[in-house]
Amino acid sequence: EDQVTQSPEALRLQEGESSSLNCSYTVSGLRGLFWYRQDPGKGPEFLFTLYSAGEEKEKERLKATLTKKESFLHITAPKPEDSATYLCAVQVPGNTGKLIFGQGTTLQVKP
Amino acid sequence: KAGVTQTPRYLIKTRGQQVTLSCSPISGHRSVSWYQQTPGQGLQFLFEYFSETQRNKGNFPGRFSGRQFSNSRSEMNVSTLELGDSALYLCASSDGTGGAEKLFFGSGTQLSVL
């Protein structure tokens, strides 16, 4: 069964304290791995798509990496506005429109 | 470009009733997917429509149905509501052309079943 697991469930950081979020996956085939950010009361906001092992993408203080079994979302020198739930999802071949989501990591950054 | 629009934002219904939720995708997007989000189960895929046809379906009972119109707008219907149907229902759109499709989500409809 295709599955996505994220850790930790919750993470508290001080402003400026860098860290990483983990997303491990077991799938029959990978078409793409996605990272989303979700703020309370809103829908997920797209951050990155990764397609193959070794790929990396960056956006401001965020950097996503991908291996054959997991992905990491590195947050460098976070700010309070980075506080949100970060969701990882995978798409497998033959499943249009369907993303398999992990449970998310809720990040709180304190000033 | 306007984003994905979902209406209504909030709904309160009682058990046994039915409900219809609406979604307008990003202009030019032909694929619309629906998801249910709950604290216990997270985000779960309901179904996907492309060019007015259901192209993919998740593991939800037949009480959950949807349709798509020629302008790509979509509706989702839940009949005979149960308490466990209380959730945030999210709609997402994409161009639907295949490959690893980036989905753009709306803000959702928060459904409470009493």
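Just so you know, these numbers use all the heavy atoms, side chains as well, and skip hydrogens, waters and symmetry mates. Naming convention: chains lettered A, B, ... in sequence-line order (proteins, then strands); numbering from 1 in each chain.
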Check whether B/L46 gets within reach of chain A through its side chain, its backbone, both or neither, counting any heavy atom under 4.5 Å.
neither
Is it the backbone or the side chain of B/L90 that comes under 4.5 Å from a heavy atom of chain A, or both, or neither?
side chain
Rounded to the nearest 0.5 Å, what separation is found between the NZ atom of A/K98 and the CZ atom of B/F47?
13.5 Å
Looking at [X], I'd like to know if its [atom1] atom is crowded, meaning that more than 12 non-hydrogen atoms belonging to other residues, nucleotides or ligands lie closer than 6.0 Å.
X	atom1	result
A/K57	NZ	yes
A/E9	CD	no
B/R15	CZ	no
B/N59	CG	no

Do you know which of B/K57, B/Q110, B/Q44, B/R9 has the most heavy-atom pairs under 4.5 Å to chain A?
B/R9
In this structure, would [X] and [Y] fall into the same cluster of hydrophobic residues linked by side-chain contacts under 4.5 Å?
X	Y	result
A/L13	A/L73	yes
B/F45	B/Y49	no
A/I75	A/L33	yes
A/V90	A/L47	yes

Aromatic ring proximity, centroids under 6.0 angstrom, A/Y36 and B/F105:
yes
A/T96 vs B/S94 side-chain heavy atoms within contact, under 4.5 Å
no
Under 4.5 Å to a heavy atom of chain B? For A/Q38 that would be side chain
For the residue pair A/Q103 and B/Q41, confirm or rule out a side-chain donor-acceptor distance under 3.5 Å.
no
Exercise: identify the closest heavy-atom pair between B/S33 and A/G97:
OG-O, 3.1 Å
Show your reasoning for whether side-chain contact (heavy atoms from CB on, under 4.5 Å) applies to B/Y35 and A/L99.
CA-CA 9 Å; B/Y35 287 79; A/L99 296 182; 3.6 Å; yes
Which one wins on heavy-atom pair count under 4.5 Å against chain B: A/P44, A/G32, A/A89?
A/P44
